[in-house]
Amino acid sequence: MHELTIAENIKKTIEEVLKDKKAVVTRINLRVGKLRAVVPEALIFCFKFVAEGSSMENAELKIQEIPVKGICKKCDRDFVIDEPLFICPFCGSNHVELLSGRELEIESIEIEEG
Amino acid sequence: MEIKILRRVLAANEAVAKSNKELFSQHGVLVLNLMSSPGSGKTCIIEQSVEALKNDYRIAVIIGDITSTIDAQRLSGLGVPIIQINTEPFGGECHLEASWVREAALSLNLQDLDLIFIENVGNLVCPAEFDTGADKNVVIVSLPEGEDKPLKYPLMFRISSVLLVNKIDLASVLDVDKKTLHRNALQVNPNLQIFDISAKTGEGFDAWLKWIEAELRKKRQQ
């Protein structure tokens with residue numbers, strides 16, 4: 001259940017950003033890499049729980065899943081990795097560096113100032 | 001109104017992990033973070049490794065468990081400092097966070113230590129997400145778990161430097177192909193060092209212990 005810790009951290013981060021600003025958070029835009037093994041439904045469920053009673057309790061959690069992308073260190077081509085085989089589809093090399101897929105960030109929030 | 005934030009959600013943990021790294025470096029202590037699913041033999045491997053190395057090196061163990069002190073009690077006979085972190089009072093988490101590891105580490109006399117083993121909570125998902133600040137991550141798969149763990153939990157194998165394949169004494173009674181397991185692991189991470197071991201019989205332990213000693217030398221030279 002790392003979703004619960006992630007939800008708590010999302011709340012904490014937004015509180016830090018808003019500080020004493022009186023605002024209702026209506027939407028939270030997240031970018032989550034596929035390698036993170038975050039289950040969106042579980043994260044939404046956990047967030048509802050941790051946000052209860054706060055200014056973000058009715059916020060919509062919008063999760064943008066980021067594909068796992070790699071670049072081959074041999075032939076220098078990049079590609080999307082759909083399964084956990086970190087092998088270059090062009091030259092077969094296994095010297096693949098990750099370009100994306102480990103993101104776990106809050107991109108933006110939408111608020112209504114009150 | 002939209003406010004751009006662009007903040008990493010686990011930034012706080014990552015920052016603490018970084019300062020843990022500095023703390024360990026300052027004291028020249030090598031920290032190994034052992035991770036696996038429950039029942040792969042983490043405690044037994046630590047037990048045998050400490051037993052083999054404790055005459056030559058000053059060692060401590062930090063153990064994470066959701067609840068219970070069973071593992072800590074089991075290791076207390078080793079005669080080295082054991083710090084137990086129960087994650088339950090912190091919300092029953094399934095992984096160790098950098099701040100708890102820091103607290104545990106600070107309760108040890110770091111200047112009097114060469115090596116710390118961290119036994120993470122048994123789980124192949126969450127501990128991969130939370131950097132502890134350890135020098136090296138070690139993932140353990142026991143042979144009965146089958147060949148496909150690296151493909152199911154790629155991040156764990158991606159962030160690890162060493163794969164210990166434990167319980168190889170059971171190979172003759174299992175229908176598991178060790179070579180396929182190795183190949184799968186190397187597909188996910190070609191830089192993995194793999195050691196086949198049996199914590200029960202001691203088979204393959206020499207190579208694993210030699211690796212630890214080489215890392216200890218590297219740490220000392222830094």
Side-chain angles (χ1 to χ4, degrees), chain A residues 1-14 16-18 21 23-39 43 46-47 50 68 70 73-74 81 83-88 92-98 101-113, chain B residues 1-16 35 66 87-88 90-100 120-131 147-160 180-192:
Chain A
M1 277 299 282
H2 59 321
E3 281 83 358
L4 184 59
T5 313
I6 292 169
E8 281 169 343
N9 279 289
I10 291 171
K11 182 177 173 233
K12 222 186 289 170
T13 307
I14 294 173
E16 277 167 25
V17 169
L18 289 178
K21 197 176 210 161
V24 172
V25 182
T26 54
R27 192 165 168 172
I28 301 163
N29 296 311
L30 294 176
R31 288 162 45 84
V32 180
K34 286 262 198 196
L35 257 185
R36 282 284 178 179
V38 168
V39 181
L43 183 56
C46 290
F47 186 76
V50 301
V68 183
K73 299 310 279 178
K74 276 242 169 80
I81 301 169
E83 42 180 7
L85 299 176
F86 296 81
I87 289 174
C88 174
S93 163
N94 60 3
H95 289 276
V96 173
E97 208 162 84
L98 288 184
R102 290 203 60 182
E103 296 79 359
L104 182 53
E105 54 201 30
I106 306 171
E107 191 177 31
S108 65
I109 56 173
E110 286 163 41
I111 59 167
E112 278 167 14
E113 279 179 90
Chain B
M1 179 173 93
E2 187 174 359
I3 304 178
K4 287 274 170 215
I5 294 186
L6 280 177
R7 296 246 309 243
R8 293 198 311 280
V9 173
L10 300 180
N13 188 72
E14 284 154 22
V16 179
M35 297 176 284
I66 292 178
T87 62
E88 193 186 45
F90 305 98
E93 285 292 357
C94 46
H95 58 269
L96 290 181
E97 292 193 10
S99 56
W100 312 338
N120 215 309
V121 180
N123 178 345
L124 286 174
V125 183
C126 314
E129 300 285 342
F130 294 87
D131 188 2
E147 298 121 354
D148 51 8
K149 283 283 180 294
L151 306 181
K152 287 181 173 166
Y153 305 95
L155 185 61
M156 174 59 79
F157 290 80
R158 207 59 206 180
I159 62 151
S160 293
T180 308
L181 172 59
H182 287 189
R183 199 177 54 233
N184 287 343
L186 291 171
Q187 261 170 14
V188 173
N189 180 359
N191 300 319
L192 264 182

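Just so we're on the same page: letters track the sequence lines, and every chain starts at 1.
- The shortest distance between side-chain heavy atoms of B:Glu2 and A:Ile109 does not fall below 4.5 Å.
- The closest side-chain heavy-atom distance from A:Thr5 to B:His95 is below 4.5 Å.
- The CG atom of B:Leu6 sits 6.0 Å away from atom CD of A:Glu107, with the distance rounded to the nearest 0.5 Å.
- The candidate with the highest count of non-hydrogen atom pairs below 4.5 Å against chain B, out of A:Glu112, A:Glu113, A:Glu83, A:Arg102, is A:Arg102.
- B:Ile159 touches chain A through its side chain: at least one heavy atom from C-beta onward sits under 4.5 Å away, while N, CA, C and O do not.
- B:Gln187 CD to A:Leu85 CG: the interatomic distance, rounded to the nearest 0.5 Å, is 5.0 Å.
- For A:Val38, no part lies near chain B; criterion is any non-hydrogen pair under 4.5 Å.
- Here the straight-line distance linking atom CG of A:Asn29 with atom NZ of B:Lys4 works out to 7.5 Å at 0.5 Å rounding.
- Across B:Phe130 and A:His2, no two heavy atoms sit closer than the pair CE1-CB, 3.8 Å.
- Counting heavy atoms from C-beta on, the side chains of A:Val32 and B:Val9 never come closer than 4.5 Å.
- Taking 4.5 Å as the limit, some side-chain heavy atom of A:Leu98 sits within range of a side-chain heavy atom of B:Arg158.
- To the nearest 0.5 Å, atom CG of residue B:Asn189 and atom CG of residue A:Asn94 are 9.5 Å apart.
- By the 4.5 Å heavy-atom criterion applied to side chains, A:Arg36 and B:Leu10 are counted as neighbours.
- Of all the listed residues (A:Asn9, A:Thr13, A:Ile111), the one sharing the greatest number of non-hydrogen pairs under 4.5 Å with chain B is A:Ile111.
- Contact annotation for A:Glu103: neither backbone nor side-chain heavy atoms come within less than 4.5 Å of a heavy atom of chain B.
- The distance from the CD atom of A:Glu110 to the CE atom of B:Met1 is 10.5 Å, given to the nearest 0.5 Å.
- Neither the backbone nor the side chain of B:Tyr153 comes within contact range of chain A, judged by heavy atoms closer than 4.5 Å.
- For A:Lys21 against B:Ile3, the heavy-atom pair with the smallest separation is NZ-CD1, 4.5 Å.
- A 6.0 Å sphere centred on NZ of A:Lys34 holds no more than 12 heavy atoms belonging to other residues, nucleotides or ligands.
- Nearest heavy-atom pair across B:Leu155 and A:Leu35 is CD2-O, 3.6 Å.
- At a 4.5 Å heavy-atom cutoff, the contact between B:Ala128 and chain A is made by backbone atoms alone.
- For a residue to count as touching a neighbouring chain, one of its non-hydrogen atoms must lie under 4.5 Å from one of that chain's; by this rule B:Val125 touches chain A with the side chain only.
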